[in-house]
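Below: the structure, in structure tokens.
Heavy-atom basis, side chains included; hydrogens, waters and symmetry copies ignored. Worth saying up front: this structure is predicted, and the values here are computed from it rather than measured.
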Amino acid sequence: MASLQSWTRCFTGWIFFCCCCCLPLLLTSPLPPKGLGVPAHHACRLKKINFQLPFMRNRTYTLAKMARASDQDTDNRLIGQQLYVNIKENNRCYMMKRVTEIIVKDVLLSEARDQYPYTREVAEFLASMTSELSRCKFSGHKEHMEKNLEEMTSKMKKLGVNGKNKAIGELNLLFDYIENECTDISKKGGNKKEK
């Protein structure tokens with residue numbers, strides 16, 4: 001009987017301890033916002049490993065270099081800082097995702113796919129990155145983004161065949177912009193994108 005009473009006191013003590021000490025800790029711990037399984041910041045992030053594949057970087061840069069060799073238009077640029085006009089920094093990865101989708105669909109998977117070596121491989125690589133960013137969403141109003149994308153696509157269409165060639169010639173810029181905006185690399189030391 002004495003052991004039952006001491007067990008009951010011990011059990012009651014543990015319940016008192018849990019109610020007074022542990023429960024307040026659980027109730028005051030921060031919870032993620034309702035309805036969000038993955039924070040938006042992480043949905044707009046690519047794994048750094050995507051950019052540490054030297055053969056894909058080399059193929060992308062080689063493809064761009066071959067296309068630039070036949071580009072006579074040095075006045076226009078499709079992929080550059082003009083894409084970020086009125087775009088907040090937290091939306092830049094989404095912007096680059098959209099640019100990449102357009103370049104893959106309208107350029108790399110068009111008749112240009114047979115013009116240069118590595119085009120299909122680079123298209124598949126870029127498409128896999130946009131797929132990885134499928135949960136990345138734009139926050140706020142999209143009118144500035146849509147306007148910037150429209151300017152890019154209309155400039156490319158206006159240039160005709162040379163517009164697609166120019167887009168391929170700027171794949172190295174696209175690669176660098178995606179890496180800078182969609183990974184957690186240090187943004188110190190300036191940009192190498194506009195080389």
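Residues Thr60 and Asn172 fail the side-chain proximity criterion, which asks for heavy atoms closer than 4.5 Å. Residues Lys97 and Ile178 fail the side-chain proximity criterion, which asks for heavy atoms closer than 4.5 Å. Contact annotation: the side chain of Thr100 approaches that of Leu174 to within less than 4.5 Å [non-hydrogen atoms, C-beta and beyond]. Taking 4.5 Å as the limit, some side-chain heavy atom of Val99 sits within range of a side-chain heavy atom of Met96. Residues Arg113 and Val107 have side chains not in contact (no heavy-atom distance under 4.5 Å, counting atoms from C-beta outward). Side chains of Met66 and Pro117 form a contact here, defined as non-hydrogen atoms less than 4.5 Å apart.
Here Tyr116 pairs with nothing under the ring pair (Phe, Tyr, Trp, His ring centres under 6.0 Å) rule; sequence neighbours left out. Checked against side chain to side chain donor-acceptor pair (under 3.5 Å), Asn76 has the following partners two or more places apart in sequence or in another chain: Asp73. For the side chain to side chain donor-acceptor pair (under 3.5 Å) test, no residue two or more places apart in sequence or in another chain qualifies with Lys142.
Atom-to-atom distance recorded for Leu133:CG and Cys182:SG is 5.0 Å, nearest 0.5 angstrom. Annotation: the span from Leu171 atom CG to Arg59 atom CZ amounts to 14.5 Å, rounded to 0.5 Å. Interatomic distance, CG of Asn58 versus OH of Tyr118, reported as 9.0 Å (0.5 Å rounding). To the nearest 0.5 Å, atoms OH (Tyr84) and CE (Met95) are separated by 8.0 Å. Note that CE of Met129 is 13.0 Å distant from CD of Glu124, once rounded to the nearest 0.5 Å. Here the straight-line distance linking atom CD1 of Ile103 with atom NZ of Lys164 works out to 10.5 Å at 0.5 Å rounding.
Across all non-hydrogen atoms, the minimal contact from Ser154 to Glu151 is OG-O, 3.2 Å. Closest non-hydrogen pair, Lys137 versus Cys44, comes out as N-SG, 3.9 Å. For the pair Cys93 and Glu181, the tightest heavy-atom approach, listed with the atom from each and the gap, is CB-O, 3.4 Å. Between Lys166 and Leu159, the shortest heavy-atom distance links the atoms CD-CD1, 4.2 Å. Scanning both residues, Ala43 and Cys136, for their nearest heavy atoms gives O-CB, 3.4 Å. The two residues Met152 and Leu78 make their nearest non-hydrogen contact at CG-O, 3.6 Å.
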Inset, instruction - Please test Arg77 against Leu173 for side-chain contact (heavy atoms from CB on, under 4.5 Å), starting from the C-alpha separation and ending with a verdict. - result: CA-CA 10 Å; Arg77 173 156 287 170; Leu173 297 174; 3.7 Å; yes

Inset, instruction - For Thr119 and Asp114, run side-chain contact (heavy atoms from CB on, under 4.5 Å): C-alpha distance rounded to whole Å, both residues' side-chain angles, the deciding distance at 0.1 Å, then the answer. - result: CA-CA 7 Å; Thr119 306; Asp114 298 320; over 6 Å; no

Inset, instruction - With side-chain contact (heavy atoms from CB on, under 4.5 Å) as the test, would you mind laying out the steps for Arg98 and Glu146 before giving the verdict? - result: CA-CA 10 Å; Arg98 288 288 309 278; Glu146 295 299 338; 3.1 Å; yes

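Thr153 and Asp106 share no side-chain donor-acceptor pair at under 3.5 Å. Side-chain polar atoms of Tyr61 and Asp176 form a donor-acceptor pair below 3.5 angstrom. Tyr177 and Glu170 share no side-chain donor-acceptor pair at under 3.5 Å.
With respect to the salt-bridge test (charged N to carboxylate O, under 4.0 angstrom), the residues Arg45 and Glu132 do not qualify.
With Lys88 contributing its side chain and Ser139 its backbone, the two residues share no donor-acceptor pair below 3.5 Å. Of the possible donor and acceptor atoms, none in the side chain of Asn91 sits under 3.5 Å from a partner among the backbone N and O of Ile87.
The aromatic rings of Phe175 and Phe125 sit parallel, their planes meeting at an angle under 30°, below the 60° perpendicular limit.
Residues Leu108 and Val161 do not share a hydrophobic cluster, defined by chaining ILVMFWY side chains whose heavy atoms lie under 4.5 Å apart.
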